[in-house]
Engineer: 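Below: one structure in structure tokens.
Below, read A as the first sequence line, B as the second, and so on, with proteins coming before strands; counting in each chain starts at 1. All values derive from a computational prediction rather than experimental measurement.
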Amino acid sequence: MSQPEQRGIDPRGPRFGAGITAVLLLVTIFLALLPTAGAKLAAFVLLIVIALLFAWGTFAGIQRHPYGLLFKNLVRPRLAPPAELENPAPPTFAQFVGLLFTGVGVILGAGGVEWGVWLFAAFAFVAAFLNSVFAYCLGCQIYLLLAHAGLLGRSRRGETLHA
Amino acid sequence: MSPLAAAAVVVALVAATTLLGVLWRSRQGRVRTTVHPALVRPSDVGVDGGFGERATLLQFSTEFCAYCPATRRVLGGLAGERDGVEHVDIDLTNAPAVAKRFNVLQTPTTLVLDGAGAIRARIGGAPRPRELAERLDQILGETHVAA
């Protein structure tokens, strides 16, 4: 919490990025459902790209995500200043959840499980769309569920999420 | 699957997710009246004291909760305007036992305790300020009459 980049961010930035992600995930799902091998391969590659972007957001922090830079340079200058700034930890956690979903999809896809690609892309889409359109906060809704299930321990949390 | 069927699946997914979002939003921040026989003491949530004489707004937060800071301000304001009412914020990030005990699955979650420590209302998500103020004043009114 003492790092200088932990200052507040414009809450609209992550929602803008989630919107782009949601559209890319819809394209992934559409391609994965098509019968041709080429379309399925394209869906798989696109899911890898989306997972890598989530990994970027998770490990570099939401402030250094490429969509965040896009927002800062192209979108934010056209908007009124935000009503208030937000802590970057919750949207960075949301990136981690996105990485989990798309990561499982990529692993299943690599193992030849075709439905894994569209199914996990669909899970990630639901999260990204709710985040973007309804300001759904994954950190608020999912963190304690994962902690309950024992998926997030005390020590692991510090390592994975404060990178 | 044909391109048309695939497109239909995509449209259905967007529609279903929109419905989910509308449902979620309609439930967020609503004040639910609860009846709990057990009393909550400060030690139950890991603090030494700080509960209000007439009521306590007990907020549960985590580090990954985007709406907790705003909720903190709303609850702090409501408590500050009323005598004998305190706002207590508990960070559950490293306290899974407390989360489990009060069955907190989302943050912020707010419990409204009366002067005795009984849970009188529960709010999941960022509280709707006017709705909460009404319920709080109702509880304070009862306490006043009883005392």
Engineer: Do Tyr143(A) and Cys65(B) have side chains that get closer than 4.5 Å, going by heavy atoms?
Structural biologist: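 A side-chain contact is absent here, since even the closest heavy-atom pair is not under 4.5 Å.
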Engineer: Between Ala66(B) and Pro90(A), what is the shortest heavy-atom contact and its length?
Structural biologist: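 Answer, listing the atom of Ala66(B) first, then Pro90(A): N-CG, 3.6 Å.
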Engineer: Has Leu23(B) got more than 12 heavy atoms of other residues, nucleotides or ligands less than 6.0 Å from its CG?
Structural biologist: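 Result for CG/Leu23(B): enclosed.
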Engineer: Please tell me if the side chains of Phe134(A) and Leu20(B) come closer than 4.5 Å, counting only heavy atoms from C-beta onward.
Structural biologist: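 No - every pair of side-chain heavy atoms lies 4.5 Å or more apart.
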Engineer: Do Ile107(A) and Leu46(A) belong together in a cluster built from hydrophobic side chains that touch within less than 4.5 Å?
Structural biologist: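 No, it is not one cluster - the side chains of Ile107(A) and Leu46(A) are not joined through contacts under 4.5 Å.
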Engineer: If every non-hydrogen atom of Thr107(B) is compared with every non-hydrogen atom of Gly139(A), which pair is closest and at what distance?
Structural biologist: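 For Thr107(B) versus Gly139(A), the nearest heavy atoms are OG1-O, 4.4 Å.
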Engineer: Chain B heavy atoms under 4.5 Å from Tyr136(A): which part of the residue, side chain, backbone, both or neither?
Structural biologist: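 Both parts, backbone and side chain.
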Engineer: Examine Trp56(A) and Val104(A) and state if one hydrophobic cluster contains both, with Ile, Leu, Val, Met, Phe, Trp and Tyr joined whenever side-chain heavy atoms are less than 4.5 Å apart.
Structural biologist: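 Trp56(A) does not cluster with Val104(A).
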Engineer: Take atom NZ of Lys40(A) as the centre, draw a 6.0 Å sphere, and report whether it contains more than 12 heavy atoms from other residues, nucleotides or ligands.
Structural biologist: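 Yes, the 6.0 Å shell around NZ holds more than 12 heavy atoms from other groups.
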Engineer: Please set out all donor-acceptor pairs under 3.5 angstrom arising from side-chain atoms of residues 13-37 of chain A, sequence neighbours excluded.
Structural biologist:
{"unit_1": "Arg15(A)", "atom_1": "NE", "unit_2": "Ser132(A)", "atom_2": "O", "d": "3.1"}
{"unit_1": "Arg15(A)", "atom_1": "NH2", "unit_2": "Ser132(A)", "atom_2": "O", "d": "3.1"}
{"unit_1": "Arg15(A)", "atom_1": "NH2", "unit_2": "Val133(A)", "atom_2": "O", "d": "3.3"}
{"unit_1": "Thr21(A)", "atom_1": "OG1", "unit_2": "Gly17(A)", "atom_2": "O", "d": "3.0"}
{"unit_1": "Thr28(A)", "atom_1": "OG1", "unit_2": "Leu24(A)", "atom_2": "O", "d": "2.8"}
{"unit_1": "Thr36(A)", "atom_1": "OG1", "unit_2": "Ala39(A)", "atom_2": "N", "d": "3.3"}

Engineer: To the nearest 0.5 Å, what is the distance between CD (Glu63(B)) and OG1 (Thr92(A))?
Structural biologist: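 The OG1 atom of Thr92(A) is 12.0 Å from CD of Glu63(B), to the nearest 0.5 Å.
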Engineer: Is Pro69(B) close to chain A through its backbone or its side chain, or both, or neither, when contacts mean heavy atoms under 4.5 Å?
Structural biologist: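 Neither part, no heavy atoms under 4.5 Å.
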Engineer: Report yes if the side chains of Gln141(A) and Trp24(B) come closer than 4.5 Å at any heavy-atom pair, otherwise no.
Structural biologist: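 Gln141(A) vs Trp24(B): side chains touch.
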Engineer: Return yes when atom CG of Asp83(B) has more than 12 non-hydrogen atoms of other residues, nucleotides or ligands closer than 6.0 Å, and no otherwise.
Structural biologist: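 Incorrect, the count does not exceed 12.
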Engineer: Does CD in Glu114(A) sit with more than 12 non-hydrogen atoms of other residues, nucleotides or ligands closer than 6.0 Å?
Structural biologist: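 Open.
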Engineer: Indicate yes or no: at least one non-hydrogen side-chain atom of Leu105(B) is less than 4.5 angstrom from one of His148(A).
Structural biologist: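 A side-chain contact under 4.5 Å exists here.
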Engineer: Yes or no on side-chain contact (heavy atoms from CB on, under 4.5 Å) for Met1(B) and Trp118(A), after CA distance, side-chain angles and deciding distance?
Structural biologist: CA-CA 13 Å; Met1(B) 198 176 277; Trp118(A) 60 257; over 6 Å; no
Engineer: Please report the C-alpha distance between Phe64(B) and Asn87(A) in whole Å, then the side-chain angles of each, then the deciding distance to 0.1 Å, and finally whether the side-chain contact (heavy atoms from CB on, under 4.5 Å) criterion is met.
Structural biologist: CA-CA 8 Å; Phe64(B) 306 107; Asn87(A) 178 354; over 6 Å; no
Engineer: At a heavy-atom distance under 4.5 Å, which candidate from Thr109(B), Val9(B), Val14(B) has the highest pair count against chain A?
Structural biologist: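 Among Thr109(B), Val9(B), Val14(B), the one with the most close pairs to chain A is Val14(B).
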Engineer: Under 6.0 Å from the CZ atom of Arg128(B), do we count more than 12 heavy atoms belonging to anything else shown?
Structural biologist: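 Atom CZ in Arg128(B) is crowded, with more than 12 foreign heavy atoms closer than 6.0 Å.
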